[in-house]
Amino acid sequence: MKNIKIYIVALASLGIFSCNDEFLDTVPKTQINDANFWNTTADLQIYNNQLYGVYFASEGFTGGGIMTEDLNSDNAYAEIPSNVRLGINTANNPGNSNWSWALIRDINQMLENSAAADIEDEAKNPYIAEARLIRALDYYDKLKLYGQLPIIDRVLTEDDELLYATQSPRDEVMAFIKTDLDFAVEWMANTAPENRFTKVIAQAYKARIMLHEGTFRKYHGLGGEQEFLQEAVTSAEAVMNSGKYMIDPSVSYNELFAQTSLSGNKEVIFFKNYDDPLQLYHNNAALIKNANGVELGGTKSLVNEYLATDGLTISESPLYQGDATLEMEFANRDLRLAQTFALPNTYFLGDKIYLNSTPARIVDSATPSGYTLIKFFNPDQEFASWTRSFSDAPLIRYAEILLIMAEAKAELGTITQSDVDLSVNTLRQKAGIADLVLGSSIIEDIHRERRVELAFEGFRFDDLMRWKKGSELAKPVLGVKFNEMDIADAAKFEIGADIFLNENGYVMSNNTYKFDESKNYYFPVPVNELSLNPNLNQTPGW
C-alpha cells in the first residue's frame, strides 16, 4: 500500500455543493439531485472527495498548521503570545473555537442517502466508513474543546427537535464517536488510491483518539479509562503488525521532515500533500527563516528535556557541559536537539544567532528566544516566495504509533522491556541515546520521549490538557542564556528594554502567563450559539 496523500481541491471546482457554517442552516445548498445521484460507488466516492477536502483543509501546514499549533504550548516561545497562551481568553473571545456543524450535516447527508442506495453493502460500506471516520475525527476535535456536545446523527429539517438539542454528556458522545471508529476499522478498504483512507489509517486514528480519551479520563478523574487504553493498545499493535511501516535508522530525524515528498516513506502513515504543479502551497519557508524575524522559537523548557547520550537527564549526566554557550548546551545530547534547533554555522545560520529584538540589523533571520527552529526546514525551498512552499506535512507518523502503544501499556501497568525496546528504544537508537531500562519512572520517560519526538507537530497542548498539566503553561517562558559568543550584537542590547533576562541570565518573555485550573482545560461555547439555542449550556467555569 502506498502512503496516503490528501489533495485539497477547491470546493467550487468540484461543483457538488457549498457549505455554510451556521448550525441553523439545516438544508444543504446542494446541486445534487438525490433522485439520480446516489446510484453507484462512483457517486459515493465523488461526494466523499469533498468531505476529505473540508476536514483536512485546515490540517497539515495550512496557515502555519501543526508547526504553529505548538504556540499555545510550553514548547514555543512566541514573539506575540496568543490570548489562549497567556490565559486571558474569554467567552466573547475564546481564542479557539470549533462550533461549526456544516461538515457533520454533509456527512449525515451522505450516510442517509447511501443507506438507501441500491448498492450492495460490500461495495458501499467502505465509502460509508470514510465518511464515518471523518465524522469521528471532527466530533473528537470538538469534544476535546468542549467536553460535551449535542449528538447530531441525522440531516436536520426545519422542525427537527435536534435544532434545539442540549449537549449530551461525555460518555454518550464518546460512545457515538467509538461506534463510528469501529465501523471505519471494520469496513475500510485494505488498499485504496493514495489520496484516501485505508484500514490501517483508521486503526492509527483510532489509536490516537483512544489514548487521548483514556488518559484524559484517568488524570481528570472521570473513570472508565481502562477500556480506552486497551483499545489504544489493540489499535496501535494492529498498525505495528501490519508490516507496512518502520523507523529507518539510515534517514536522520531532520531529513525526514525536510523532504518535499513523503510518498512511499515508511515512517509516515498519513500525510497531506502539497504540490507545485497543482499549486497546493503553504508558508513554512517564511515561518522558519525570515529577514524580519520569525514568530516563534524554542523554549528552555523543551530544550532541557533532550537527554544526554548516556540516556540520563541533563541534571544527572556527567556528559552535560552546561549552557554557557549553545555549542556546550548541545554537546553530547540527543541528536534530535541539533536537528530541531540550529547551532551557529549550521543550516542557514552564520556564526551568530540574531534575536528579533536586536537593536542592530538582522542578517538572514532571527528568533525571539535564541533557539532557532529548523525542523521542517527544506534547503531546496529556503528562498521560496511567500506562500509558495510545497513540502509535504506528516499527519500520522509511525513514531507516534509506537509511543501510543508504549504509553497506553504503561498506564495499564502491562508494559514490558520488550515493549520499551520496540518503541522508545527504537527511537532512541536513531537519536544516538542509550537504551531505556524499564523502571518506576516509565510514564514520565514516555512523556519526555513523546515531547521531543513530536515537538512542533501540534501535540503538546493536547498532551498537557489530557495529562492535567495545564499549570506548566503558567510558568515563565525562557530562551537561551544570553551570551556574547552566540548572540549577534550582544553588547548593543539594553537589558530591560531591548531584551529581558531572568535572574540567571536567560532570555525571558516579558509577559505574564496564567492557567485557570477551574476552566482552562475546556473552551467556552460561542455566546452567539447560546442565543440561537437557549437549551445549550455554557462550558463549566465560563
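The analysis underlying the following values was restricted to heavy atoms, covering all of them including side chains, and did not include hydrogens, waters or symmetry mates.
Of all the heavy atoms in A204 and V239, the pair that sits closest is N-CG2, 3.7 Å. Taking every heavy atom of both residues into account, T325 and D486 meet most closely at CA-OD2, 3.3 Å. Minimum interatomic distance between M465 and N520 (heavy atoms only, all atoms of both residues): SD-O, 3.9 Å. The shortest non-hydrogen separation linking S423 to A406 is OG-CB, 3.4 Å. Taking each heavy atom of N75 and A455 in turn, the nearest pair found is ND2-CA, 4.1 Å. For Q538 against V525, the heavy-atom pair with the smallest separation is OE1-N, 2.7 Å.
Annotation: E484, atom CD; neighbour count of heavy atoms from other residues, nucleotides and ligands within 6.0 Å does not exceed 12. Counting non-hydrogen atoms of neighbouring residues, nucleotides and ligands closer than 6.0 angstrom, the CE atom of M328 exceeds 12 such neighbours. Crowding of E255 atom CD: a count of heavy atoms from other residues, nucleotides or ligands under 6.0 Å exceeding 12. In this structure, K519 places its NZ atom where more than 12 heavy-atom neighbours from other residues, nucleotides or ligands lie under 6.0 Å away.
Comment: D463 does not engage R460 in a salt bridge, judged by the lack of any side-chain N to carboxylate O separation of less than 4.0 angstrom. At a threshold of 4.0 Å, the pair R336-E449 counts as salt-bridged, since one of the basic side-chain nitrogens sits closer than that to a carboxylate oxygen. A salt bridge links R466 with E407: at least one charged nitrogen is closer than 4.0 Å to a carboxylate oxygen. Note on E305 versus R451: salt bridge recorded, some NZ/NE/NH1/NH2 to OD/OE distance being below 4.0 Å. For K481 and D323, the salt-bridge test passes: some basic side-chain N is under 4.0 Å from an acidic carboxylate O. Between K300 and E329, at least one side-chain N (NZ, or NE/NH1/NH2) sits under 4.0 Å from a carboxylate O, which counts as a salt bridge.
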| said: Pair T313, E316 - check side chain to side chain donor-acceptor pair (under 3.5 Å), show working. | reply: CA-CA 5 Å; T313 65; E316 300 169 321; 3.0 Å; yes
| request: In sequence, state the C-alpha distance, the side-chain angles, and the governing distance for R448 and D445, and then conclude on salt bridge (Lys or Arg N to Asp or Glu O under 4.0 Å). | output: CA-CA 5 Å; R448 180 189 300 108; D445 293 328; 3.3 Å; yes
| task | Assess whether ring-ring contact (aromatic ring centres under 6.0 Å, His included) is satisfied between Y521 and F515, documenting all intermediate values. | result | CA-CA 9 Å; Y521 288 104; F515 187 87; 4.9 Å; yes
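For the atom pair Y274 OH and T260 OG1, the distance stands at 13.5 Å (nearest 0.5 Å). Atom OG1 in T90 sits 7.5 Å away from atom CG in N83 (nearest 0.5 Å). For the atom pair NZ (K266) and CG (D248), the distance works out to 10.0 Å, reported to the nearest 0.5 Å. Rounded to the nearest 0.5 Å, atoms CG (L319) and CD (Q321) are 8.5 Å apart. For the atom pair CZ (F461) and CG (N72), the distance works out to 5.5 Å, reported to the nearest 0.5 Å.
Because its NZ or CZ atom is both nearer than 6.0 Å to the ring centre of F257 and within 45° of the ring axis, K375 counts as a cation-pi partner of that residue.
Using a 4.5 Å cut-off on side-chain heavy atoms (C-beta onward), Q339 and F377 make no contact. No side-chain heavy atom of L478 sits under 4.5 Å from any side-chain heavy atom of S301.
The aromatic rings of F330 and Y371 lie parallel to each other, with less than 30° between the two planes, well short of the 60° mark. Classification of the W99-W101 ring pair by plane angle, with boundaries at 30° and 60°, yields perpendicular. Ring geometry for F61 against F376 counts as perpendicular: the plane angle is over 60°, on a 0 to 90° scale with 30° as the lower cut.
Note: Y205 and Y140 fail the aromatic proximity criterion, with ring centroids not under 6.0 Å apart.
Side-chain atoms of D74 and T299 include no donor-acceptor pair closer than 3.5 Å. S509 and N511 form a side-chain donor-acceptor contact under 3.5 Å, judged by distance and modelled atom types alone.
Judged purely by atom type and a 3.5 angstrom limit, E79 has no side-chain atom pairing as donor or acceptor with the backbone of V294. Between the side chain of K289 and the main chain of F348, no donor-acceptor pair closer than 3.5 Å is present.
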